[in-house]
Amino acid sequence: MKLTTALETWELKRTFRTSRRSFDHVETAMVTLEKDGAKGRGESVGVNYHGETARSVQGQIEQLRDTIETGLSREGVQSLLPAGGARNALDCALWDLECKSKAQTIWALTGIEPSPVTTAYTIVIDEPHRMYEAAGAAPETLLKIKVSAAGAFDQITAVREARPDARLIVDGNQDFTLEQLQALIARIETLGIEMIEQPLPAGADAGLSDYASPIPLCADESFHTQADIAEVAGRYRYASVKLEKTGGLTNALALVGQMQDAGLGVMIGCWAATSLSMAPAFVAAQGAAYADIDGPLLLKSDRADAMDYRKGVVASPHRRLWG
Ligand SMILES: CC(C)C[C@H](N)C(=O)N[C@@H](CCOc1cc(O)cc2c1C(=O)N[C@@H]2C)C(=O)O
Ligand SMILES: [Mg+2]
């Protein structure tokens, strides 16, 4: 098996701000695996809040070059690497390689029936009047509002005023205390917010187990793998599965099944990345309560054979892209 890795830089359409930082571009790590004339590709950006970057993902994979080139299976990669960005890139490349080698689609290999997916579209943190403009200009019907604890009410109100028709979810990216969250919810209860993602910091969200939030809550930074299901199910109604966190599609599919058994609703999320990252996420998103796979919509340009997004509805990926 031949391994190739590449770091790529993608400019964002506009500055992306969370409650903590801002970015004008993102880096991705691409992995290509070739065997007997067939090629499979996978992409990762890494779990940023665990210190992973596209560069560290590439470095982790390069360190395993000999082992990988000697021959790596999807079963093998689960024990070779821990859950994280490097395993995700390899696992997705191995799925793609298997599809290409067997001349079968990802749907045939997984036994999943593909349907178009409605994704959330992210309105990034900005002055409320700019968030009003961005929401008003967005053709999507499900909007995810990034908020800061200090500005959340004005940010949410601006988006709701611009889009009385839209379904709205909110992402706090760990910026709130429980008291701030309760005060916000009391003010926005009539604004038709469907869900609030990760209001409190991971590691400081135990208080949620005694709080019956009138707006459903979704874990993101508090939720990674199977080990988190029991604790998170006692604190949140939903949890965000990202393939970077699960270490690939193989474990994401297993995790989704286990979450459903535990009564934990599924959101499939993403980082800002190209369609090559979204294609396997699209597979995991089949049947999920929420999909948040708008990564490429934030980029100035995407890969060849990009995923097709129309008014927030994503079509099944082309086989030339992945799967
Ligand atoms: C920008 C994403 C495509 C929007 C997506 N809908 C989303 O909200 N994703 C995540 C992660 C947010 O993205 C972050 C956060 C951060 O602190 C740093 C970065 C990113 C990112 O995508 N690139 C940089 C590294 C979510 O919170 O749900
Ligand atoms: Mg989030």
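Atoms within each ligand, like the ligands themselves, are counted from 1 in listed order.
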Any donor-acceptor pair under 3.5 Å from Arg319 side chain to Ala103 backbone: no
Within the side chain of Arg235, is there an N or O that forms a donor-acceptor pair under 3.5 Å with the backbone of Leu208? no
Counting backbone and side-chain atoms alike, does Asp220 have an N/O/S atom under 2.8 Å from the Mg ion (ligand 2)? yes
A student comparing Leu297, Val26, Asp294 should find that the heavy atom closest to atom 23 (N) of ligand 1 comes from Val26
Without swapping roles, check the side chain of Lys311 against the backbone of Thr141 for a donor-acceptor pair under 3.5 Å. no
Using a 4.0 Å heavy-atom threshold (strictly under), name the region of Phe16 that reaches ligand 1: side chain, backbone, both or neither. side chain
So is Lys300 actually on top of Trp10's ring, under 6.0 Å and inside 45° of the axis? no
Can you name the atoms of ligand 1, numbered from 1 with element, that are less than 4.0 Å from a heavy atom of Leu298? 1 (C)
Minimum-distance atom from the Mg ion (ligand 2) among N, O or S atoms of Asp171: OD2
Is the count of non-hydrogen atoms from other residues, nucleotides or ligands lying under 6.0 Å from Gln182 atom CD greater than 12? yes
Are the side chain of Arg167 and the backbone of Leu143 linked by a donor-acceptor contact shorter than 3.5 Å? no
Does ligand 1 have any atom sitting under 4.0 Å from a heavy atom of Gln198? no
Taking just the N, O or S atoms of Glu197, which one is nearest to the Mg ion (ligand 2)? OE2
Pull out every atom of ligand 1 sitting under 4.0 Å from any heavy atom of Thr122, numbered as shown with elements. 4 (C), 5 (C), 6 (N)
Can you see whether Trp95 has Arg74 sitting over its ring - NZ or CZ less than 6.0 Å from the centre and within 45° of the normal? yes
So, does Asp228 use its side chain to make a donor-acceptor pair with the main chain of His224 at under 3.5 Å? yes
Could you list which atoms of ligand 1 come closer than 4.0 Å to a heavy atom of Asp171? 26 (C), 27 (O), 28 (O)
With atoms numbered from 1 as shown, which atoms in ligand 1 lie under 4.0 angstrom from a non-hydrogen atom of Asp220? 26 (C), 27 (O), 28 (O)
Heavy-atom contacts under 4.0 Å between Lys144 and ligand 1: side chain, backbone, both, or neither? side chain
Which of the numbered atoms in ligand 1 are below 4.0 angstrom from a heavy atom of Gly295? 3 (C)
Touching ligand 1 at all, Gly269? Heavy atoms, strictly under 4.0 Å? no
Nearest heavy-atom neighbours spanning Gly42 and Ala93: N-CB, 3.6 Å
Counting heavy atoms under 4.0 Å, the part of Asn173 that contacts ligand 1 is side chain
Is there a donor-acceptor contact under 3.5 Å from the side chain of Glu52 to the main chain of Val47? yes
Mind checking whether Lys242 has an N or O less than 3.5 Å away from an N or O of ligand 1? yes
Interfacing atoms of ligand 1 (cut-off 4.0 Å, heavy-atom, Cys270): 3 (C), 5 (C), 7 (C), 9 (N), 10 (C), 11 (C)
